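The chain is numbered in sequence order, starting from 1. From a predicted model like this one, the values you see are computed outputs, not experimental measurements.
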Amino acid sequence: MISARRAALLAILLLAAALRAVGLGWGLRHPPHPDEGVFLDNVALMLRAGDLDHRYYQYPGLFFYLLYPLVWLLPLGDDPPGPAAYLAARALVAAFGVAACALAYRLGREVASVRVGLLAALLLAVSPVAVETAHMVRPDVVLQAFTLAALLALLRVGPRLEGDLLSGAALGLAGAVKFTAVFLVPSYLCRRTIVPGPRLRGALAAGAAALGVFVLASPYAALHVGDFVAGARAQVGYHYQERGLAPISYGRMVVFYLKVWPDALGVPAVLLCLAGLLPALRNWRVWVPFLLLPALGVAFVLAALGAEWLAGRRRWAFGLLAGLAAAVPLLGSLTYLRGGASPSTRDRALDAVEASAPWGSLVISSVERLGLDPSRLEVLELDGLGSGQRAQILEADFVVSADRDAPTVLAGLEKVMEAEPVNPWNGPRLTVWRVPPSARPARRALRLEPGWLSASENAAELPQAVDGRDDTWWRTEGVQRPGDWLQLTLPVPARIDRIELDVDGIGRLGARELKLLASADGVGFTEAATRPGRPRLDDQRVEGKTHSQVLLLTPPVAARAVRLVLTRPGAHRWGVAEMRVDERTRP
């Protein structure tokens, strides 16, 4: 018959699994966030190249190798990996999260008692930070499991050299997941110093074991050590220096990690951590090395130790403290899951656009990676919608906006739907708009004559840029060079607000980068402000729809001549199949 201890542990692990499994597929209708994509994309590169070079040296290689069989076994279809691979990768991370709970139990039991172990496992199981992170393809949860295993190995350090070898091996495995495992080194050195045993030989043995295991678990970090060091520096710069942690030091980074504890444990459990310091310092040979490590795994055990010390032999008091300590983070995790498991605002906005927008529609979105089908709709993503984007908005058929966007720039649009978030984890408030014909600028297409065109070279082909055909071209004689130009000179000035360069059929001949010069008299030119009216050529994938580059003049310019000038070199010739110019007929 199963014992009460085992039944309690099993219940905690099942709770941990349930909290990590619910909503595991959040966001998979949309292109993945780069923080997740970088891991699976590089595993796909490994598979494609047939090697074990993980290539992304901001992290060691072990996490990539753990993902490797999942990506290899799943039918990927076209690269990059699809939703099934991401779901499987998240499931692997979630499984490590459950394993970490079991390791927290073992650690608490070994340093204190069974009930300390059970409460430590429970606090980790319900931690909002742990639950949220376990829903992402990131190495942090895996690192937490390896860190707890390393702490257990640390307890074996003593008179025999085997403990040092085991501790070094565990440190090497943790370091092969993420470089921040270096925080385990002071803990090991402290443990090695304060317990009897072969101090120098033990430290050398542990260092050799750590280095050997690290090289075996992440060989390309050693083979490309310069790139790995540069990658680690880039990670430190992004995560710490840009968040005000400069200059970087061990003490400042410890404080940085300690600031996560209230979110991860809840205030009651943090207070129990403070209470746990008293019994921990009584057993200082065990706890001082742990307290040098700002890992959450230590915090969960310390809080459980504090609850046991405060409760003494009163089981009801321990149960009360445990229930209070676990209730606050559990409520936070349930709140997160309510947002993550419900259809997100991005999901609802996506549904509304797909239901409303006809084939070939242009959608302007200030929402990153919305996930609209690029073979059916064109999507132009903008980093916020302000007054400068008004011309682009009126060029579109539908617009997806967020709260941060200026309401004035959306004036005159018809609201299709508004997606209110369930909670902050459900996404921002999003609104889908239709651009009515009445809101569009009044303009007419100019009928262009071949004699109005001039160019930096190949004048003989200029008539082909205005002959109404997409299979004839004006092209530069060589590859694109900064300074190459194409000019339109009108008989009389016009208020020009839109220029389109058709590159249908051979998109590689599109201009790499253009600026527009305008002249009121056809002699003196000044640069005119423009914004793109369509996505980049590479993103124009609606089958059968003409590929083109659209320049919107913001504001419209009264000009007799306009000159398009290349500003960046390109690997191919510059070509225009058809040039179209519109003038504004009224404000």
Quick one: do D41 and R55 make a salt bridge, cutoff under 4.0 Å?
no

State the [atom1]-[atom2] distance between [X] and [Y], to the nearest 0.5 angstrom.
X: R568; Y: L566; atom1: CZ; atom2: CG; answer: 11.0 Å
X: Y68; Y: L47; atom1: OH; atom2: CG; answer: 4.0 Å
X: L87; Y: L92; atom1: CG; atom2: CG; answer: 11.5 Å

Measure up the [X] and [Y] rings against each other and bin them: parallel (under 30°), tilted (30 to 60°), perpendicular (over 60°).
X: Y336; Y: W425; answer: perpendicular
X: Y220; Y: H224; answer: parallel
X: F39; Y: F64; answer: tilted

Does a donor on one side chain sit under 3.5 Å from an acceptor on the other, for [X] and [Y]?
X: N423; Y: T335; result: no
X: S548; Y: R534; result: yes
X: S344; Y: D347; result: yes

Side chain of R20, backbone of A125: donor and acceptor closer than 3.5 Å?
yes

Are there more than 12 heavy atoms of other residues, nucleotides or ligands under 6.0 Å from atom CG of D403?
yes

For R109, the side chain to side chain donor-acceptor pair (under 3.5 Å) test, sequence neighbours excluded, returns none

Across all chains, not counting sequence neighbours, the side chain to side chain donor-acceptor pair (under 3.5 Å) partners of R90 are E36

